[in-house]
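Since the structure comes first, as structure tokens, the remarks are kept for the end.
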Amino acid sequence: MPADISPPMTKGKTPTVIRVLVLATFVVILNETIMINAIPRLMADLHVTEVAAQWVSTAFMLTMAAIIPTTGWFLQRVTTRQAYATAMGVFIAGTVISALAPTFAVLLIGRVVQAGGTAVMMPLLMTTLMTVVAEKDRGRVMGNVTLAISVAPAMGPVSSGLILQIDVPGIDSWRLLFVVMLPITGLVTWLGLRQLENVGEPQPGSLDLPSVALAGLGFGGLVFGLSKFHGDSYSTAALITAGGIALIAAFALRQISLQRSGTPLLDLRVLLQGTYTKALVLMSIAFLAMMGSMILLPLYLQNLRGLSPLQTGLLVMPGGLAMGLLGPTVGKLFDKFGGRALVIPGSIGIFASLAGFTQISMDMPYWQLLGLHILLMVSLAAAFTPVFTLGLGALPMNLYSHGSSMLGTLQQVAAAFGTALVVTVMSARSTSLIDEGVAPATAALDGMRLSFLICAALALVVIVMAVLLPSRAAVDPHAAPVQDAMDEPELVKN
């Protein structure tokens, strides 16, 4: 291990580097969902259609999917401070561009730049955490991370709903979302650069440009293709998706070749670690089901029950807050009892909540909807913190950055696939019923029920993966050959 590596934390204390990175990650993730309520304002102020306006979110997701696969390589080549300064500097630049955007095209460019900074923060946080935190304390600290990454998305729509109510003469209301974000981000960046210390030492290595191109086009194309499954014709979406999958396959083959002859952009040998792979499957499917439900519930509440976006945000906020606030407690329980005692009940709760949503109706009491959503979020909290810790903990230290990058990439793909799946199923089912003479509202409701049913069925796979996971994080016995194959300096254990 390089001499400047930070030592494992003292029990009961969270290293300053983790506190700084959690705060910065909270800010950038909050921004990811803050534009949801601004779509109508963008349509009116910039004279664009609803489909075009949705690109402020789609472009963000595409950029994340394209860039995250490169972060494993990037984080091994720069210091912690350099990675942090780059990520936050790019994010601030994107925020400025978005705030000043004279046209919708410029606004999209700003969102893409913002996403470029955001894509680095989560892998940076996870890699640093796994490096400096002792194994016995990882659950508790990962719980604090869960608080940040869970509360931020829940607060995004509510925060934007409140900010959009503010009337400032001469400033479009949607611009205030970026204007408010600027001083907050600037302060967090300044504090971080004052307190952040480097963890680890950069390793030399060349950048394989074909891999960068294949990753960007492959994962970006896959997410873009999945996002197109919402119209009357699916042929174009299927073609783009198939092209993305083919490019990802070419990317994987190139990484396997580079693992033998050089430095891969994304080291696929993380998949040789059994515990990590099981955790990856569980996280991806759980995230897919979660994102599917997050798309369906607002559609149901707003289109069928007549709630405003702000009212919808307030109704789902308690679940997000519960998920985040329980993160530290879940982490402490994980450190004490291990993963299975949390992940198995959590996975069962995920299934039960999604099964409950299959019973939605035009007059289901709001308290029941609130209860089901809180159950879903609490169950996800019980599963996510242990699974993150178990999965990354099964990797040797020199693969932490690649493991966190793989995890982040598949989360973006799972989010896009979950969205495409539920929207496609809902649209196909409701269209079929309308053609049979069923009322549109009834047809839409039935389509949503079927989509929730598919999400619940996928949750059964989550239960199976939960049963297969171990209780404690430990480096897989197969990890040694992978580490030796890297031909890198020996690393000191935490």
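When a residue number appears, it is its place in the shown sequence, counting from 1. Everything quoted here is computed from the prediction, not taken from an experiment.
- Counting only heavy atoms from C-beta outward, the side chains of V20 and Y84 approach each other to under 4.5 Å.
- Here the CG atom belonging to L354 is positioned 11.5 Å from the OG atom belonging to S451, to the nearest 0.5 angstrom.
- Side-chain contact between T389 and V141 is absent, with no heavy-atom pair separated by less than 4.5 Å.
- From T385, atom OG1 reaches atom CG of L390 across 10.5 Å, with rounding to the nearest 0.5 Å.
- What you find for A83 and V78 is that their closest heavy atoms are CB-CG2, 3.8 Å.
- In terms of modelled atom types and a separation under 3.5 Å, the side chain of T424 and the main chain of L421 share no donor-acceptor contact.
- Here the CG-CZ distance, from L129 to F388, works out to 11.0 Å after rounding to the nearest 0.5 Å.
- Here the closest heavy-atom approach between residue A279 and residue G391 is recorded as CB-CA, 3.7 Å.
- Counting only distance, with no hydrogens or angles, the side chain of Q82 and the backbone of T79 share a donor-acceptor pair below 3.5 Å.
- Across all non-hydrogen atoms, the minimal contact from Q368 to M364 is OE1-CG, 3.6 Å.
- Shown here for G192 and R81, the closest heavy-atom pair between the two residues is O-NH1, 4.5 Å.
- Interatomic distance, N303 CG to L445 CG, rounded to the nearest 0.5 Å: 12.0 Å.
- Under the 3.5 Å distance criterion, the side-chain polar atoms of S405 are left unmatched by any main-chain donor or acceptor of P69.
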Check your understanding: Where do V27 and L30 land on the side chain to side chain contact (heavy atoms under 4.5 Å, CB included) test, with the steps shown first?
Key -> CA-CA 5 Å; V27 171; L30 175 70; 5.8 Å; no
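- The side-chain heavy atoms of Y300 and R305, taken from C-beta on, include a pair separated by under 4.5 Å.
- F384 is not listed as a side-chain neighbour of V330, based on a closest heavy-atom distance of 4.5 Å or more.
- L407 is not listed as a side-chain neighbour of M126, based on a closest heavy-atom distance of 4.5 Å or more.
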For residues 376-383, which side-chain N or O atoms pair as donor and acceptor with protein atoms under 3.5 Å away, sequence neighbours left out?
residue	atom	partner	partner atom	Å
S379	OG	L375	O	2.7

Exercise for review: Would you check, one step at a time, whether the test side chain to side chain contact (heavy atoms under 4.5 Å, CB included) holds for V28 with M88?
Suggested key: CA-CA 9 Å; V28 297; M88 297 306 290; 4.2 Å; yes
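- A donor-acceptor contact shorter than 3.5 Å links the side chain of Q255 to the backbone of L266.
- Among V281, V467, I285, the single residue meeting the side-chain contact (heavy atoms from CB on, under 4.5 Å) criterion with V462 is I285.
- Shown here are the ring-ring contact (aromatic ring centres under 6.0 Å, His included) partners of F357, two or more places apart in sequence or in another chain: F452.
- Closest non-hydrogen pair, A65 versus T409, comes out as O-CG2, 4.4 Å.
- Formation of a donor-acceptor pair under 3.5 Å by the R449 side chain with backbone atoms of Q359 is not found in this model.
- Rounded to the nearest 0.5 angstrom, L399 CG and Q273 CD are separated by 6.5 Å.
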Check your understanding: Yes or no on side chain to side chain contact (heavy atoms under 4.5 Å, CB included) for M406 and L268, after CA distance, side-chain angles and deciding distance?
Key -> CA-CA 8 Å; M406 176 79 76; L268 300 183; 3.5 Å; yes
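- Counting only heavy atoms from C-beta outward, the side chains of I360 and L372 never approach each other to under 4.5 Å.
- Considering only heavy atoms from C-beta on, L258 stays 4.5 Å or farther from L265 through its side chain.
- A donor-acceptor pair under 3.5 Å links the side-chain atoms of S353 to the main chain of I350, judged by distance alone.
- At a threshold of 4.5 Å between non-hydrogen side-chain atoms, the residues L75 and L124 count as touching.
- Considering every non-hydrogen atom in both Q259 and P264, the closest pair reads CG-CG, 3.7 Å.
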Point to revise | Criterion side chain to side chain contact (heavy atoms under 4.5 Å, CB included) on D446 and R429, from CA distance to verdict | key: CA-CA 7 Å; D446 196 84; R429 177 62 175 168; 2.6 Å; yes
Could you list the donor-acceptor pairs under 3.5 angstrom formed by side chains in residues 114-122, with sequence neighbours left out?
residue	atom	partner	partner atom	Å
Q114	OE1	N31	ND2	3.2
Q114	OE1	R111	NH1	3.2
Q114	NE2	N31	OD1	3.2
Q114	NE2	T95	OG1	2.9
T118	OG1	Q114	O	3.1

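- Here the straight-line distance linking atom CG of L460 with atom CD1 of I348 works out to 10.5 Å at 0.5 Å rounding.
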